[in-house]
Asks: 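This structure is in structure tokens; I'll ask about it shortly.
Note that the numbering runs from 1 along the sequence shown for the chain.
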Amino acid sequence: NARVVVPAGTGTTALFLARHLRDADVEVCAAPCATSSIELKRQMTLLDDASGSIGAFPTILGAPPYRFGAPDKRVLATWRELAASGLHVDLVYA
């Protein structure tokens, strides 16, 4: 079982990716970047209703305890740890 985690501002990418992969053995997870988990679910529900009411939603992860894009020592430390292990991620969305 694979899992794909994507950053989610409005949730559009996460929602449509979850729709596309709904019959595959892939879980799509949305990491809130611009709003709360509750607001993200509301926005994705509105988009789903406006675009066919498919009802295939990503798993919404908990919102980070810091402001998106703001420098954070914890994020940098995690990024360095991942980079040292050979996994390269975008620092903005880490």
Asks: Mind checking whether Val75 and Leu82 sit in one hydrophobic cluster, side chains of I, L, V, M, F, W, Y counted as touching below 4.5 Å?
Replies: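 Result: yes, single cluster for both.
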Asks: Does the side chain of Ser51 come under 3.5 Å of the side chain of Arg19 through a donor N or O and an acceptor N or O?
Replies: yes
Asks: If you round to the nearest 0.5 Å, how far is CZ of Phe16 from CE of Met44?
Replies: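 Spacing of CE (Met44) from CZ (Phe16) equals 11.5 Å.
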Asks: So, for Ala56 and Arg22, which heavy atoms are closest and what is the spacing to 0.1 Å?
Replies: CB-CD, 3.9 Å
Asks: Taking all atoms of both residues into account, what is the closest heavy-atom pair of Ala18 and Pro58, and its distance?
Replies: CB-N, 3.7 Å
Asks: List the steps and the verdict of side-chain contact (heavy atoms from CB on, under 4.5 Å) for Thr59 and Glu27.
Replies: CA-CA 8 Å; Thr59 300; Glu27 178 185 10; 2.8 Å; yes
Asks: Tell me who clusters with Leu61, hydrophobic residues only, linked when side chains sit under 4.5 Å apart either directly or through other members.
Replies: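 Noted: Leu61 shares its cluster with Val5.
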Asks: Is there a path from Val4 to Leu87 through hydrophobic residues (I, L, V, M, F, W, Y) whose side chains come within less than 4.5 Å of each other?
Replies: no
Asks: State, to 0.1 Å, how close His88 and Ala83 come at their nearest heavy-atom pair, and which atoms those are.
Replies: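 Looking at all heavy atoms of both residues, the closest pair is CE1-O, 4.0 Å.
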Asks: Could you measure the distance from the CG atom of Leu15 to the OG1 atom of Thr10? Nearest 0.5 Å is fine.
Replies: 9.0 Å
Asks: Any link between Ile60 and Val28 through a network of hydrophobic side chains (Ile, Leu, Val, Met, Phe, Trp, Tyr) touching at under 4.5 Å?
Replies: no
Asks: Do Ile38 and Leu40 sit in one hydrophobic cluster, given that two such residues count as connected whenever their side-chain heavy atoms are within less than 4.5 Å of each other, even indirectly?
Replies: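 No: no chain of side-chain contacts under 4.5 Å links Ile38 to Leu40.
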Asks: Give, for atom NZ of Lys41 and atom CG of Asp48, the distance between the pair rounded to the nearest 0.5 Å.
Replies: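 Reported value, rounded in 0.5 Å steps: 8.0 Å.
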Asks: For the atom pair CZ (Arg42) and OG (Ser37), what is the distance rounded to the nearest 0.5 Å?
Replies: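 Nearest 0.5 Å value for the CZ-OG distance: 14.0 Å.
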Asks: Answer yes if the side chains of Gln43 and Thr35 hold a donor-acceptor pair under 3.5 Å, and no otherwise.
Replies: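 No - no donor-acceptor pair under 3.5 Å links their side chains.
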Asks: Do Leu21 and Phe57 belong to the same hydrophobic cluster, where Ile, Leu, Val, Met, Phe, Trp and Tyr are linked whenever their side-chain heavy atoms lie under 4.5 Å apart, directly or via other members?
Replies: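 No, it is not one cluster - the side chains of Leu21 and Phe57 are not joined through contacts under 4.5 Å.
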